[in-house]
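Treat the numbers as computed from the prediction; the structure is a model and nothing was measured.
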Amino acid sequence: MTQKLSALEKGIRKAEREFVRVTHSTARALERDARKLSNQINRLNRSVQSNRNRLAREAERLTSAKTAAAKRKIRAQIKKFEQLVDDAKAELQEHRANLKPLRAQLSEAREYARKALGMSKALSAHEKEMAKKALARAKKKAAKKKVAKKKVAKKKVAKKKVAKASAKKRTVKKAASRKKAAAKKTTARRASKKKTSRKKTA
């Protein structure tokens, strides 16, 4: 049962890491595409502006041209620049149309990336908190064991002291009883000696 839970936890961690990786790589890819498209739009805008300036210059030249051949040549140039402007405008319109959904996707991807980062941070913080609690429990358990060992050691020391004291008392009692026995023997001997001396004198 616990093996299944452990496997599930590993699966969650793996999925979280994959989610963070994919969201960030997707956001980076979309940023690259959006930047590329924006650069193309800026380039086309510059091209349109440049061709408009050329058109204005050619229009000025047309008004000052005197011969029909020169006028035909200038009109051809004007037509060419107008075509360039129209093509650039059409391309601009297409790029702008592509950029709008791309920016929406990028915004979405960034939101997912923020969520993934938040989830990862929350999960890491939770794991750290759990590890701290587990360490605190282990320390508490170790401290209880230490206290229990000290109590056992104290009890053993107390028992030894009691045993020593009782042994000492027994030794003292034995010594006292031996002294009493010796004193009785001495008294008996003296009494017998006195009796013997009295008999002799009689």
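- Residues K149 and K146 form no side-chain contact, since every pair of their non-hydrogen atoms from C-beta on lies 4.5 Å or further apart.
- Inspection of the N45 and Q49 side chains reveals no N or O donor paired with an N or O acceptor under 3.5 Å.
- Distance check, rounded to the nearest 0.5 Å: OG1 of T67 to CZ of R72 gives 8.0 Å.
- Heavy-atom minimum distance, V48 versus V85: O-CG2, 4.1 Å.
- Taking 4.5 Å as the limit, some side-chain heavy atom of V22 sits within range of a side-chain heavy atom of T26.
- If you take CZ on R17 and CD1 on I12, they are separated by 12.0 Å, rounding to the nearest 0.5 Å.
- When each of R35, K36, R43 is tested with N39 by the rule side-chain contact (heavy atoms from CB on, under 4.5 Å), just one qualifies, namely R35.
- Between R114 and E111 there is a side-chain heavy-atom pair separated by less than 4.5 Å.
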Take L123 and M119 through the side chain to side chain contact (heavy atoms under 4.5 Å, CB included) test and state the conclusion after the steps.
-> CA-CA 6 Å; L123 200 55; M119 280 167 65; over 6 Å; no
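- Of all heavy-atom pairs spanning I78 and L55, the tightest one is O-CD2, 3.3 Å.
- Closest approach of A116 and T23 over heavy atoms only: CB-OG1, 3.6 Å.
- Note on E18 versus R21: salt bridge recorded, some NZ/NE/NH1/NH2 to OD/OE distance being below 4.0 Å.
- R13 and E16 are joined by a salt bridge, as a carboxylate oxygen and a charged side-chain nitrogen come within less than 4.0 angstrom of each other.
- The line from CZ of F19 to CG of L117 is 11.0 Å long, rounded to the nearest 0.5 Å.
- We find the CZ-CG distance between R46 and N42 to be 6.0 Å, quoted to the nearest 0.5 Å.
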Are Q93 and R96 close enough, and set up right, to give a side chain to side chain contact (heavy atoms under 4.5 Å, CB included), and what steps lead you there?
-> CA-CA 5 Å; Q93 199 172 354; R96 280 175 182 150; 5.9 Å; no
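- Using a 4.5 Å heavy-atom cutoff, the side chains of H95 and L92 are not in contact.
- If you take NZ on K100 and CG on L37, they are separated by 14.0 Å, rounding to the nearest 0.5 Å.
- In the hydrophobic clustering of this structure, V20 does not group with L106; members are Ile, Leu, Val, Met, Phe, Trp, Tyr whose side-chain heavy atoms approach within less than 4.5 Å, directly or through other members.
- In this structure, the side chains of S38 and L99 come closer than 4.5 Å at one or more pairs of heavy atoms.
- Between S120 and K115 there is no side-chain heavy-atom pair separated by less than 4.5 Å.
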Residue pair K132, E129: steps toward the salt bridge (Lys or Arg N to Asp or Glu O under 4.0 Å) verdict | CA-CA 5 Å; K132 273 183 187 177; E129 190 63 30; 5.0 Å; no
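- The minimum heavy-atom distance between E91 and L44, with the atom names listed, is OE1-CD2, 3.6 Å.
- Counting heavy atoms from C-beta outward, S50 and R54 have side chains that approach closer than 4.5 Å.
- Closest approach of A109 to A27, counting heavy atoms only: CB-CA, 4.0 Å.
- Within 6.0 Å of atom OH in Y112, 12 or fewer heavy atoms from other residues, nucleotides or ligands are found, so the atom counts as exposed in its surroundings.
- Here the NZ-NZ distance, from K145 to K140, works out to 15.0 Å after rounding to the nearest 0.5 Å.
- Using a 4.5 Å cut-off on side-chain heavy atoms (C-beta onward), R61 and Q77 make no contact.
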Could you walk me through whether E31 and R28 pass the salt bridge (Lys or Arg N to Asp or Glu O under 4.0 Å) test, one step at a time?
-> CA-CA 5 Å; E31 276 171 4; R28 280 195 296 271; over 6 Å; no
